[in-house]
Amino acid sequence: MNILEQLPIPLLSWYRENARTLPWRSAPTPYHVWVSEIMLQQTRVAAVLGYYQRFMDALPTVEALARVEEDVLMKLWQGLGYYNRARNLQKAARQIVDGFAGEFPRTYETLLSLAGVGEYTAGAIASIAFGVSVPAVDGNVLRVVSRITGDDSDISRPETKVRMREALLQIIPRDAPGDFNQAMMELGATVCVPNGAPNCDNCPAKSFCAAFLQEKTAQLPVKAPKRARRTEERRVFLIFTQNGEKRVALRRRPARGLLAGLWEYPNELKAVDHPLETWGVHPVGTQYGGVGKHIFTHIEWHMTAQIVYIEENDLPKGWIWADRAALRRDYAVPNAFQSFAHLVEERL
DNA sequence: AAGACGGGGCA
DNA sequence: TGCCCAGTCTT
């Protein structure tokens, strides 16, 4: 017999008592659910809160999102990370407007065809916005299921995810699939937590949870170790105008890859010699700008900044001069350069 | 199946 | 520091 069969009733009851009040829950239209789910991918609720409302104020409809200029979109996403999510969001908005005549897709399979919508997100939108009985299996759900069933399979394996998804499909309440999925995630986020001891005293599953009953919560879930990240030594050039208006040089990053399409202070690996010369930049004066560090999931940047003054007309093709207002309003600069933000602002 | 892809919070 | 987060896409 399936131990999970005991879960839905106490879980839903617990959820109705303990659900957090979240902005995307107040009016769960398909558009609201979709945008919030994309923002929440690999991102904590607390981090999304500061972005969601501002995004909705700027782009209240799927049509507005489909039409917005990419730089404005990226500015709204600046600091949230995984920037392809934003670009895929707009791609999908155009799919909806052009391909589905503005009518939001309402089946799991059709939702899957939208850019940036995978198994989890398709399940979340289908169940929460349209009441379709499909699971939404994220990291929280994998952890909760592993513990309740005492399953020690590696949850990073696709095969494990498929099996747990199928088990959930058997028990998901047909009259409340959206609440059930949200309740599973809410439980994982607030009670059956990943770091440190879970709060089993307040868990609706404590009477039948295998991990709790066998005191194995610390051993579950099982997850394969990640590969170590590599380090990159980089020189960052904070380039200012020598005369006239106070401005700083920015250039756009390549359209693909890390931080694609965002703006940055020109920088290069330390292993590469004479980047200024290569760019055709002729310093009038230079000064040490301190060090900075930024940790990505798979790379660690160790940065040394150099302050450089050049003539205004010495700016390489394609780069731009930004004054303080433009830097704040128009250009999405990733948080990787946050260590130098203060230094730059002081000089603008 | 593995790697790329951000950034932050917490033990 | 290392882990993990309402994952998806590419190779």
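Letters A, B, ... are given to chains in the order of the sequence lines, protein chains preceding strands, and every chain is numbered from 1.
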| said: Quick check on Lys270(A): does its NZ atom have over 12 non-hydrogen neighbours (other residues, nucleotides or ligands) under 6.0 Å away? | reply: yes
| task | Assess whether atom CD1 of Ile9(A) is packed by more than 12 heavy atoms of other residues, nucleotides or ligands within 6.0 Å. | result | no
| note | From OH of Tyr82(A) across to P of dC4(C) the rounded distance in Å is 13 Å
| request: Would you mind telling me which residue lines up with the more 5' stretch of DNA chain B, Ala46(A) or Arg227(A), judged by nearest nucleotide? | output: Arg227(A)
| request: Check every strand shown and say whether Thr121(A) touches a base, only sugar-phosphate, or nothing at a heavy-atom separation below 4.0 Å. | output: sugar-phosphate
| request: Name the closest nucleotide to the Tyr120(A) side chain, picking from dA6(C), dC4(C), dC5(B). | output: dA6(C)
| note | Atom CH2 of Trp77(A) and atom P of dT8(C) are separated, to the nearest Å, by 13 Å
| Near-ring test Tyr51(A)/Trp77(A), centroid separation under 6.0 angstrom | no
| request: Establish, with yes or no, whether the OP1 or OP2 oxygen of dC5(C) is under 4.0 angstrom from a side-chain nitrogen or oxygen of Arg143(A). | output: yes
| query | Which value, in whole Å, describes the distance between the P atoms of nucleotides dA4(B) and dA6(C)? | reply | 24 Å
| query | If we take the P atom in both dG3(B) and dC3(C), what is their distance in whole Å? | reply | 15 Å
| field | Verdict with supporting geometry, Arg25(A) and Glu186(A), salt bridge (Lys or Arg N to Asp or Glu O under 4.0 Å) | value | CA-CA 13 Å; Arg25(A) 285 179 176 164; Glu186(A) 195 92 349; 2.9 Å; yes
| task | Check the distance between dT8(C)'s P and Leu114(A)'s CG and give it to me in whole angstrom. | result | 12 Å
| query | In whole angstroms, how far is the P atom of dT8(C) from the CG atom of Leu142(A)? | reply | 12 Å
| said: Looking at dG7(C), I'd like to know if its phosphate oxygens (OP1 or OP2) sit under 4.0 Å from a side-chain N or O belonging to Gln42(A). | reply: yes
| Can you tell me if the side-chain N/O atoms of His298(A) get under 4.0 Å from OP1 or OP2 in dG3(B)? | no
| said: Can you say whether a donor on the side chain of Thr43(A) sits under 3.5 Å from an acceptor on the base of dG7(B), or the other way round? | reply: no
| message | Does this structure show an ion pair linking Arg163(A) with Asp151(A), if we count only N-O contacts that are shorter than 4.0 Å? | response | yes
| query | Side-chain donor or acceptor of Thr297(A) under 3.5 Å from a matching atom on the base of dG6(B)? | reply | yes
| query | Given dC5(B), dC4(C), dA6(C), which nucleotide is nearest the side-chain atoms of Ile299(A)? | reply | dC5(B)
| query | Is the count of non-hydrogen atoms from other residues, nucleotides or ligands lying under 6.0 Å from Arg256(A) atom CZ greater than 12? | reply | no
| query | For residues Glu37(A) and Tyr120(A), is any side-chain donor paired with an opposing acceptor at under 3.5 Å? | reply | yes
| note | Assign each of Val45(A) and Gly116(A) the nucleotide of DNA chain C bearing its closest heavy atom; nearer the 5' end lies the nucleotide of Val45(A)
| message | For a quick check of understanding: with a heavy-atom distance under 4.0 Å over all strands, which category does Ala136(A) fall into, base, sugar-phosphate or nothing? | response | nothing
| said: Please pick, from dT8(C), dA1(B), dC5(C), the nucleotide with the shortest atom-to-atom distance to any side-chain atom of Pro158(A). | reply: dA1(B)
| message | Does Leu80(A) reach a base, just sugar-phosphate, or nothing at all? Heavy atoms under 4.0 Å. | response | base
| said: Are there over 12 heavy-atom neighbours, none belonging to Glu215(A), within less than 6.0 Å of that residue's CD? | reply: no
| query | If you check the Arg25(A) side chain, which of dA6(C), dG6(B), dT11(C) turns out closest? | reply | dA6(C)
| d(OH, Tyr52(A); P, dA6(C)) in whole Å | 17 Å
| remark: Nearest-nucleotide check on DNA chain C, Leu40(A) vs Pro225(A); residue mapping nearer the 5' end is Pro225(A)
| Nearest-neighbour nucleotide for the Asn195(A) side chain, dT11(C), dG9(B), dC5(C) considered | dG9(B)
| Closest-nucleotide ordering on DNA chain B, the 5'-leading residue of Arg230(A) and Phe296(A) | Arg230(A)
| said: Base, sugar-phosphate or nothing for Leu112(A)? Non-hydrogen atoms, less than 4.0 Å. | reply: nothing
| request: Look at the side chain of Tyr83(A) and decide which nucleotide, out of dG9(B), dG7(B), dC9(C), has an atom nearest to it. | output: dG7(B)
| query | Phosphate oxygens OP1/OP2 of dA4(B): is one of them under 4.0 Å from a side-chain N or O of Asn84(A)? | reply | no
| Below 4.0 Å: OP1/OP2 of dA6(C) and any side-chain N or O of Asn140(A) | yes
| note | Which of dG7(B), dA6(C), dG6(B) is nearest the side chain of Gln182(A)? It is dA6(C)
| task | Check every strand shown and say whether Val117(A) touches a base, only sugar-phosphate, or nothing at a heavy-atom separation below 4.0 Å. | result | sugar-phosphate
| task | Would you kindly give the NZ-to-P distance between Lys226(A) and dA4(B), to the nearest whole Å? | result | 13 Å
| Could a donor-acceptor pair under 3.5 angstrom be found where the side chain of Arg44(A) meets the base of dC4(C)? | yes
| Contact class for Gly188(A) vs. all strands (heavy atom < 4.0 Å): base, sugar-phosphate, or nothing? | nothing
| field | Rounded distance (Å) that lies between atom C1' of dA6(C) and atom CD of Glu186(A) | value | 10 Å
| task | Considering only atom P, compute the distance from dT10(C) to dG6(B) and round it to an integer number of Å. | result | 14 Å
| What integer distance in Å separates Arg229(A):CZ from dG8(B):P? | 14 Å
| field | Short side-chain N/O contact to dG7(B) OP1/OP2 from His294(A), under 4.0 Å | value | yes
| task | Give Ala336(A) one of three labels, base, sugar-phosphate or nothing, depending on what nucleic acid heavy atoms sit under 4.0 Å from its own. | result | sugar-phosphate
